[in-house]
Amino acid sequence: MIDYNYETDFKIDNEVYYSDWIDRILKKEKSILGTLSYIFCDDEYLLKINKEYLDHDTYTDIITFDYTEGATISGDIFISIDRIKENAIEFNVSFEQELIRVMSHGVLHLIGYKDKSADDAALMREKENQMIELFHVERE
């Protein structure tokens, strides 16, 4: 089950399509959907979580809390819409492209991909790009 929660004015237009896409990511990675919650918020909301739970006093685009058990992927994925907008401008991509990159990034972390080392970050970016392409594949 995938839940979408909004702590900002932003809303995904077609939650069913996004859920189908996330399900395709999980299948491609040989994982099973447990319970995923996407929480879309603003910078201040996510900064508060970052300080309270991770002891980081910085803005970020995403924070993922992992409840995965084995191949069953579950977690809470908090995404700052403010960061998505700014990153889209900085990286010269559309808002939607940056949104799906960050959404897939959270799921990939839950699957087990890391991004702390240069090699891990390169693999994560490769996987994100694959998942962005998968977003645009028509449903069967």
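Side chains are part of it too, since the values below use all heavy atoms of this structure and drop only hydrogens, waters and symmetry mates. Because the structure is a prediction, the values reported are computed rather than measured. Counting begins at 1 with the first residue of the sequence.
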Would you say the ring centroid of Y38 lies under 6.0 angstrom from that of Y18?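 Ring centres of Y18 and Y38 not closer than 6.0 Å.
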
Would a line drawn from the ring center of F78 to the ring center of F40 be shorter than 6.0 Å?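 Ring-ring flag for F78/F40: false, centres at least 6.0 Å apart.
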
Only counting residues at least two apart or in another chain, list the ones meeting side chain to side chain donor-acceptor pair (under 3.5 Å) with T68.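 Partners of T68 by the side chain to side chain donor-acceptor pair (under 3.5 Å) criterion, ordered by chain and then number, come out as D66.
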
Sequence neighbours excluded, which residues qualify as side chain to side chain donor-acceptor pair (under 3.5 Å) partners of D3?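 By the side chain to side chain donor-acceptor pair (under 3.5 Å) rule, D3 matches no residue at all.
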
Could you work out the complete set of other residues in the hydrophobic cluster of [X], with links drawn between I, L, V, M, F, W and Y side chains under 4.5 Å apart?
X   : result
I32 : none
L47 : Y59
V93 : F91

Under a 4.0 Å N-O cut-off, is there an ion pair linking D55 with K51?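 Between K51 and D55 there is no salt bridge, as every charged N stays at least 4.0 Å from the carboxylate O atoms.
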
Could you state the interatomic distance from [atom1] ([X]) to [atom2] ([Y]), rounded to the nearest 0.5 Å?
X    : Y    : atom1 : atom2 : result
D120 : R125 : CG    : CZ    : 14.0 Å
I79  : I81  : CD1   : CD1   : 6.5 Å
I63  : I77  : CD1   : CD1   : 12.0 Å
K127 : M131 : NZ    : CE    : 5.0 Å
N50  : I62  : CG    : CD1   : 12.0 Å
K11  : D9   : NZ    : CG    : 7.0 Å

Would you indicate whether the side-chain heavy atoms of [Y] and [X] approach each other to under 4.5 Å?
X   : Y   : value
T60 : L46 : yes
L33 : T72 : no
D23 : I2  : no

Please check: side-chain N/O of [X] versus main-chain N/O of [Y], any donor-acceptor pairing under 3.5 Å?
X   : Y   : answer
S74 : T35 : yes
D76 : F65 : no
D42 : T8  : no

If you look only at distance, which donor and acceptor atoms sit under 3.5 Å apart when one is on a side chain in residues 99-107 and the other is two or more places apart or in another chain?
residue: R101; atom: NE; partner: E98; partner atom: OE1; Å: 3.1
residue: R101; atom: NE; partner: E98; partner atom: OE2; Å: 3.4
residue: R101; atom: NH1; partner: E128; partner atom: OE1; Å: 3.4
residue: R101; atom: NH2; partner: E98; partner atom: OE2; Å: 2.7
residue: S104; atom: OG; partner: I100; partner atom: O; Å: 3.1
residue: S104; atom: OG; partner: R101; partner atom: O; Å: 2.8
residue: H105; atom: ND1; partner: E128; partner atom: OE2; Å: 2.5
residue: H105; atom: NE2; partner: H109; partner atom: NE2; Å: 3.0
residue: H105; atom: NE2; partner: D115; partner atom: OD2; Å: 3.1

How far apart are the C-alpha atoms of Y4 and S19, what are their side-chain angles, what is the distance that settles it, and do they pass the side chain to side chain donor-acceptor pair (under 3.5 Å) test? CA-CA 10 Å; Y4 299 93; S19 295; 2.9 Å; yes

For a quick test of reading the model, state the closest non-hydrogen atom pair linking S94 to A88 and the distance between them.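 In terms of heavy atoms, the two residues are closest at O-CB, 3.8 Å.
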
Counting only heavy atoms not in Y53, do more than 12 sit closer than 6.0 Å to its OH atom?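 For Y53, atom OH is not crowded (no more than 12 foreign heavy atoms under 6.0 Å).
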
Exercise: do S80 and D43 side chains pair donor with acceptor under 3.5 Å: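 S80 vs D43: donor-acceptor pair found between side chains.
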
Both conditions, 6.0 Å and 45 degrees, for the charged tip of R83 above the ring of F95: are they met here?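 R83 over F95 ring: no.
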
